[in-house]
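Everything on this sheet refers to the single structure shown next.
For clarity, every value in this text was computed on a predicted model and none was experimentally measured.
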Amino acid sequence: MRILVATILLAFSTSAGAAGVWFEPVTPTSHSFVKVQIRGVAPDACVPRLTQVARQGNVIDVSVRIPPGCNGISVPTPWQASVAIGVLEPGVYEVKVSADYELPRRETLVIADAAPPFHVTSSTVRVTGGETITLWREADDCTTQSGVTIGGVAVPVVSSDCMSVTVVAPPHAAGAVDVSARFGEAMLTTRAALRYVDPAAAPDESAFERVLIPLLYDGPGAYGSQWVTEGRIYPTETDQPLRWMHDVVKAECASASCEGNIVELMRFGNHPAGLLLFLPRDLGHVETDLFVRDTSRENASWGAQVPVVREPDFVRERTMRFPDIPFVAPYRALLRIYGVDAASSHVRVFAGDRSRSLTLSGTCGFDVTPCNSARPAFAAIDLLETFPELAGRGRFSVAVVPIGAAAQRHWAFVSITNNETQHVTVVTP
């Protein structure tokens, strides 16, 4: 109860900020029931709650308003609205979001065809074009395929057989486009089938999944330790190499290339504050592993596994809890907190009946999303040094509460290290 009260008071003290807007699900199809989530902070207790949706063609207006006659105390108040848009036909939509106390937002919503007449792989290409893509469909008979257009532009066929045709994607502005092809006598179109991406722009959330690598480090540590990180990432459902696509990730690469069928994560060099990768959502299943160990004491401990964090484990506003963290010798406990949207943010850390506020420093300013960076916002604290009044008193639960108005996501973990053996235990939320 004490944690809950403190969290509410801290949220009330947060100044009014820009709204956060996102869609659920992240990658909707023509079978999905789509919602738009809106978060903000009102300057007083009168928060927007009356919702309205109006559609004209491919333009959807979403508004959230304050009830008439509302009178509230002048205390900044967080609010959130979930507005149902419904099931939509395949295509590209412009969603205009307006709410009292907030600046209007324009968001692009791409609805993929849940039952396309043919499939496109790879479905994500650069705006410069030049990449090979394959159109394929399952059919009982052999049909000649020809007349391919991408975004309304006719493209030459490189090769074809009874079930597939290969073409080279032409240049196109960023966004989703339709792809059409003639299969025998039938001219078929798959709506929003190909996504063009600008490698210099912030990653499109609906086309790429953010993946957090919490720790990459090769070097000395406390008490004469020598740490090394080992890990790799690779797709298991395709023989295509991993494609990072974005300049922000390539800039972090410490070797000649960070692409391939199997990528050793230390190719990116040391990133003790973590690294963000952006995986095309059309890659299918991807395996990851990450391991940290002290090579100076290999006879005492082989090391510990550190999770590579995928999208479902990111936290927007929920409390992250870590039970039974020791505040006694010979252990040291380090809490690492990540803002995976890369923008600066605030959190509150609780240990037992004590708490501290903490700022995560990011590449972008507060509430700036999307942030075009491969480096997460980050903060790390030694729990014994931060809460010296708890030292020697046993074990306590630790909690991390994200604070703020925008739709930023977080993750955290605690590493517990024995000062004598350097044995590491990793505690995740």
Open item on the list: Taking the side chain as everything from C-beta on, heavy atoms only, tell me whether Leu216 gets closer than 4.5 Å to Met266.
Closed with: yes
Task: Under 3.5 Å: donor-acceptor pair, side chain of Ser123, backbone of Val120 - done: no
TODO: Kindly give the heavy-atom pair with the smallest separation between Leu276 and Ser373, and that separation in Å.
DONE: CD1-O, 4.0 Å
Task: Side chain to side chain, Val64 and Arg49, heavy atoms closer than 4.5 Å - done: no
TODO: Could you tell me which non-hydrogen atom of Val309 sits nearest to which non-hydrogen atom of Pro214, and how far apart they are?
DONE: CG2-CG, 4.1 Å
Task: Results of salt bridge (Lys or Arg N to Asp or Glu O under 4.0 Å) for Arg336 - residues two or more places apart only - done: none
Task: Point-to-point distance, once rounded to the nearest 0.5 Å, from CZ of Arg293 to CD of Gln305 - done: 14.0 Å
Open item on the list: Over 60° means perpendicular and under 30° means parallel, so tell me whether Phe413 and Tyr338 are parallel, tilted or perpendicular.
Closed with: parallel
- [ ] Count the heavy atoms belonging to other residues, nucleotides or ligands that lie under 6.0 Å from NZ of Lys250, then report whether that count exceeds 12.
- [x] yes
Task: All side chain to side chain donor-acceptor pair (under 3.5 Å) counterparts of Ser82, not counting sequence neighbours - done: Gln37
Task: CD1 on Ile403 to OG on Ser357, rounded to 0.5 Å - done: 10.0 Å
Open item on the list: Pair Thr77, Val41 - check side-chain contact (heavy atoms from CB on, under 4.5 Å), show working.
Closed with: CA-CA 5 Å; Thr77 306; Val41 174; 5.9 Å; no
- [ ] Would you confirm whether Ser257, through its side chain, and Glu259, through its main-chain N or O, come within 3.5 Å as a donor-acceptor pair?
- [x] yes
Open item on the list: Return the OG1 to CD1 distance between Thr288 and Ile213, rounded to the nearest 0.5 Å.
Closed with: 6.5 Å
- [ ] Check whether any side-chain heavy atom of Ile150 sits under 4.5 Å from a side-chain heavy atom of Val177, and report yes or no.
- [x] yes
Open item on the list: My understanding is that only one of Leu194, Thr121, Val158, Thr124 makes a side-chain contact (heavy atoms from CB on, under 4.5 Å) with Ile133; could you say which?
Closed with: Leu194
Task: Side-chain heavy-atom pair Pro68, Leu50 within 4.5 angstrom cut-off - done: yes
Open item on the list: If we ignore hydrogens and angles and just use 3.5 Å, is the side chain of Thr190 paired with the main-chain N or O of Leu188 as donor and acceptor?
Closed with: no
- [ ] Provide the full list of ring-ring contact (aromatic ring centres under 6.0 Å, His included) pairs with a residue in residues 108-129, sequence neighbours left out, each pair given once.
- [x] Phe118-Phe183, His119-Trp136
Open item on the list: Could you measure the distance from the CG atom of Leu390 to the CD1 atom of Ile325? Nearest 0.5 Å is fine.
Closed with: 12.5 Å
- [ ] Mind jotting down which residue pairs meet the salt bridge (Lys or Arg N to Asp or Glu O under 4.0 Å) criterion with at least one end in residues 369-383? Sequence neighbours excluded, please.
- [x] Glu252-Arg375
Open item on the list: Enumerate the ring-ring contact (aromatic ring centres under 6.0 Å, His included) contacts for residues 305-324, please, sequence neighbours excluded, ordered by first and then second residue.
Closed with: none
Task: Exam field: side chain Asp44 to backbone Cys46, donor-acceptor pair closer than 3.5 Å - done: yes
- [ ] Taking the side chain as every heavy atom from C-beta outward, state whether Leu265 and Thr229 have any pair of such atoms under 4.5 Å apart.
- [x] no
Task: Pair Ser98-Arg65, side-chain donor/acceptor within less than 3.5 Å - done: yes
Open item on the list: Phe396 vs Arg354, test: side-chain contact (heavy atoms from CB on, under 4.5 Å). Steps then yes/no.
Closed with: CA-CA 10 Å; Phe396 294 90; Arg354 309 303 172 94; over 6 Å; no
- [ ] Could you please spell out the steps behind the side-chain contact (heavy atoms from CB on, under 4.5 Å) verdict for Cys371 and Asp341?
- [x] CA-CA 6 Å; Cys371 178; Asp341 290 302; 5.8 Å; no
Task: Smallest separation among heavy atoms of Asn372 and Cys364, with atom names - done: N-SG, 4.2 Å
Open item on the list: Give me the atom names and distance for the closest heavy-atom approach of Leu212 to Pro376.
Closed with: CD1-CG, 4.0 Å
Open item on the list: With side-chain contact (heavy atoms from CB on, under 4.5 Å) as the criterion, how do Asp218 and Trp227 come out once you've worked through the C-alpha distance, each side chain's angles and the decisive distance to 0.1 Å?
Closed with: CA-CA 6 Å; Asp218 187 349; Trp227 296 99; over 6 Å; no
- [ ] Kindly indicate whether the side chain of Tyr234, heavy atoms from C-beta on, has any atom under 4.5 Å from the side chain of Val286.
- [x] no
Task: Over 12 non-hydrogen atoms of neighbours within 6.0 angstrom of CZ in Arg310 - done: yes
Open item on the list: Tell me which pairs pass salt bridge (Lys or Arg N to Asp or Glu O under 4.0 Å) where either residue lies in residues 113-133, with sequence neighbours left out.
Closed with: Arg126-Glu131
Task: Minimum side-chain heavy-atom gap Leu358-Ile337 below 4.5 Å - done: yes
Open item on the list: Regarding Arg281 and Glu311, does a basic nitrogen lie under 4.0 Å from an acidic carboxylate oxygen?
Closed with: yes
Task: Non-neighbouring partners of Glu385 that pass side chain to side chain donor-acceptor pair (under 3.5 Å), sequence neighbours left out - done: none
TODO: Please report the shortest heavy-atom distance between Ile111 and Pro28, naming the atom on each side.
DONE: CD1-CG, 3.6 Å
Task: Nearest heavy atoms of Pro170 and Val155, plus distance in Å - done: CD-CG1, 3.6 Å
Open item on the list: Suppose we screen for side chain to side chain donor-acceptor pair (under 3.5 Å). Which residues come up paired with Arg332, at least two apart in sequence or across chains?
Closed with: Asn419, Gln422
TODO: Check the surroundings of atom CD in Gln52: do more than 12 heavy atoms from other residues, nucleotides or ligands lie under 6.0 Å from it?
DONE: no
- [ ] Name all residues meeting the salt bridge (Lys or Arg N to Asp or Glu O under 4.0 Å) criterion together with Glu107; count only those two or more places apart in sequence or in a different chain, and write none if there are none.
- [x] Arg105
- [ ] Answer yes or no: is there a donor N or O on one side and an acceptor on the other, between the side chain of Asp289 and the main chain of Gly231, under 3.5 Å?
- [x] no
Open item on the list: If I take atom OG from residue Ser344 and atom CZ from residue Phe378, how far apart are they, to the nearest 0.5 angstrom?
Closed with: 13.5 Å
Task: Partner residues of His410 under the side chain to side chain donor-acceptor pair (under 3.5 Å) criterion, sequence neighbours left out - done: Ser345
Open item on the list: For a 4.5 angstrom cut-off between non-hydrogen side-chain atoms, does Arg55 reach Leu88?
Closed with: yes
TODO: For Pro104, check side chain to side chain contact (heavy atoms under 4.5 Å, CB included) against everything at least two apart and list the hits.
DONE: none
- [ ] Ignoring hydrogens and angles, tell me if any N or O in the side chain of Asp324 forms a donor-acceptor pair with the backbone of Arg395 under 3.5 Å.
- [x] no
- [ ] Can you tell me which residue pairs pass the salt bridge (Lys or Arg N to Asp or Glu O under 4.0 Å) test with a partner in residues 194-206, sequence neighbours excluded?
- [x] Arg195-Asp204, Glu205-Arg210, Glu205-Arg409
TODO: Supply the atom-to-atom distance Phe268 CZ to Cys253 SG, rounded to the nearest 0.5 angstrom.
DONE: 5.5 Å
